[in-house]
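Note that the structure is predicted; figures quoted are calculated from it, not measured. These values consider heavy atoms only, across backbone and side chains, with no hydrogens, waters or symmetry-generated copies.
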Amino acid sequence: MKAFIFEQLYEISKKPYQKYFKKNKPWTVTVKELVALPPSSLGAELHHFLTKHSFELQPKLESHDIYHVLTNIGTTVPEEISMQYFLWGNGKRSLYLFSVLTIGTLFYCSHYKRFLHEYKRGKSSSKFYQIDFQKLVHLPIHNIRTAFCIH
């Protein structure tokens, strides 16, 4: 039931967040272009992630899926919250992030150790949350993880 409530809150908030808070432009890279990239590239890994989870690129929210790919954090509700903890540790600050952390921690307090672990992982990584990853989709994912110390 907690997961259902959390997912509904996300669905309700996604469109206003995209429209009013995300100032970046949607990517011009298409899924077809991602498929054509080298197998070990960030773009190919993004395509694999999207296909595996039956997701589509969401305009202005493309970096969210990139964060999943780079951090190897899954898509269950506790994992989504974990990823927000990682991003918080990495220096990202937003009302949306703090809302997820607050509600998520209340709903999933039993996962606190994992949340703390991801916060520490984010803190030990070089800041990457503000990078325009569209320009990096052709690069090997290993090189990007190494460059930003994402372990």
Side-chain angles (χ1 to χ4, degrees), residues 1-18 21-24 27 29 34 37-151:
M1 184 59 141
K2 291 186 290 188
F4 176 77
I5 293 169
F6 206 84
E7 288 169 9
Q8 292 306 308
L9 288 171
Y10 169 73
E11 287 301 323
I12 291 167
S13 65
K14 180 173 68 169
K15 293 291 183 194
Y17 178 67
Q18 269 176 302
F21 295 98
K22 294 300 285 183
K23 302 299 180 197
N24 57 304
W27 281 18
V29 174
L34 294 176
L37 292 169
S40 62
S41 69
L42 177 61
E45 291 293 327
L46 174 59
H47 179 265
H48 174 75
F49 172 83
L50 295 169
T51 303
K52 177 181 175 184
H53 296 288
S54 301
F55 293 161
E56 295 179 14
L57 282 175
Q58 299 290 315
K60 297 185 174 184
L61 301 176
E62 299 90 351
S63 59
H64 181 85
D65 293 326
I66 290 288
Y67 301 151
H68 280 288
V69 171
L70 288 175
T71 62
N72 281 319
I73 297 174
T75 60
T76 66
V77 172
E79 289 168 330
E80 288 285 352
I81 299 163
S82 294
M83 191 173 72
Q84 296 304 317
Y85 268 94
F86 184 103
L87 293 171
W88 182 33
N90 198 246
K92 185 172 183 181
R93 302 291 184 264
S94 73
L95 179 60
Y96 197 83
L97 179 133
F98 287 119
S99 299
V100 171
L101 294 180
T102 302
I103 296 168
T105 303
L106 290 172
F107 278 26
Y108 291 92
C109 56
S110 63
H111 293 263
Y112 184 73
K113 284 184 181 177
R114 178 183 183 148
F115 298 159
L116 183 59
H117 171 76
E118 293 303 341
Y119 172 82
K120 289 177 180 177
R121 269 184 74 210
K123 195 122 180 104
S124 69
S125 299
S126 297
K127 300 219 179 321
F128 71 89
Y129 67 89
Q130 78 288 10
I131 301 293
D132 180 1
F133 286 104
Q134 178 177 216
K135 297 176 182 172
L136 306 180
V137 293
H138 64 285
L139 295 176
I141 192 168
H142 174 75
N143 293 9
I144 297 169
R145 284 184 179 135
T146 300
F148 291 101
C149 304
I150 303 170
H151 306 288

> So F128 and T71, side-chain contact (heavy atoms from CB on, under 4.5 Å) or not? Walk me through it.
Replying inline: CA-CA 11 Å; F128 71 89; T71 62; 4.2 Å; yes
> Hey, what's the ring geometry for F115 with Y85, parallel, tilted or perpendicular (30° and 60° as the breaks)?
Replying inline: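 Parallel: the ring planes of F115 and Y85 meet at under 30°.
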> For the residue pair H68 and H64, does the interplanar ring angle fall in the parallel (under 30°), tilted (30 to 60°) or perpendicular (over 60°) class?
Replying inline: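 Correct class here is perpendicular.
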Is [X] atom [atom1] crowded by more than 12 heavy atoms from other residues, nucleotides or ligands, each under 6.0 Å away?
| X | atom1 | result |
| --- | --- | --- |
| E56 | CD | no |
| Y112 | OH | no |
| H53 | NE2 | yes |

Can you find a heavy atom in the side chain of [X] that is under 4.5 Å from one in the side chain of [Y]?
| X | Y | answer |
| --- | --- | --- |
| E45 | F49 | no |
| V77 | I81 | yes |
| T75 | K52 | no |
| F148 | I131 | yes |
| L42 | L37 | no |

> When you look at R93 and F98, which way does the side-chain contact (heavy atoms from CB on, under 4.5 Å) test go after all the steps?
Replying inline: CA-CA 7 Å; R93 302 291 184 264; F98 287 119; 3.5 Å; yes
Shortest non-hydrogen contact from [X] toward [Y]:
| X | Y | result |
| --- | --- | --- |
| Y67 | Y129 | OH-O, 2.5 Å |
| A44 | P38 | CB-O, 3.1 Å |
| Y96 | S13 | OH-OG, 3.0 Å |
| S125 | N90 | O-ND2, 3.5 Å |

Checking [X] side chain against [Y] main chain: does a donor-acceptor pair fall under 3.5 Å?
| X | Y | result |
| --- | --- | --- |
| D65 | L50 | no |
| E62 | K60 | yes |
| Y108 | A3 | yes |

> Hey, which of H111, R114, M83 is the one that makes side chain to side chain contact (heavy atoms under 4.5 Å, CB included) with P78?
Replying inline: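 Passing option: H111.
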Quick one: pull up [atom1] in [X] and [atom2] in [Y] and give me the separation to the nearest 0.5 Å.
| X | Y | atom1 | atom2 | value |
| --- | --- | --- | --- | --- |
| F107 | I5 | CZ | CD1 | 5.0 Å |
| I144 | I66 | CD1 | CD1 | 7.5 Å |
| F133 | L46 | CZ | CG | 11.0 Å |
| L106 | K2 | CG | NZ | 10.5 Å |
| Q130 | L87 | CD | CG | 11.0 Å |
| L61 | W27 | CG | CH2 | 11.5 Å |

> Which residue pairs pass the salt bridge (Lys or Arg N to Asp or Glu O under 4.0 Å) test with at least one member in residues 115-129, sequence neighbours excluded?
Replying inline: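 Applying salt bridge (Lys or Arg N to Asp or Glu O under 4.0 Å) to every pair that reaches into residues 115-129, excluding sequence neighbours, yields E118-R121.
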>> R145 vs N72, test: side-chain contact (heavy atoms from CB on, under 4.5 Å). Steps then yes/no.
In response: CA-CA 11 Å; R145 284 184 179 135; N72 281 319; 3.4 Å; yes
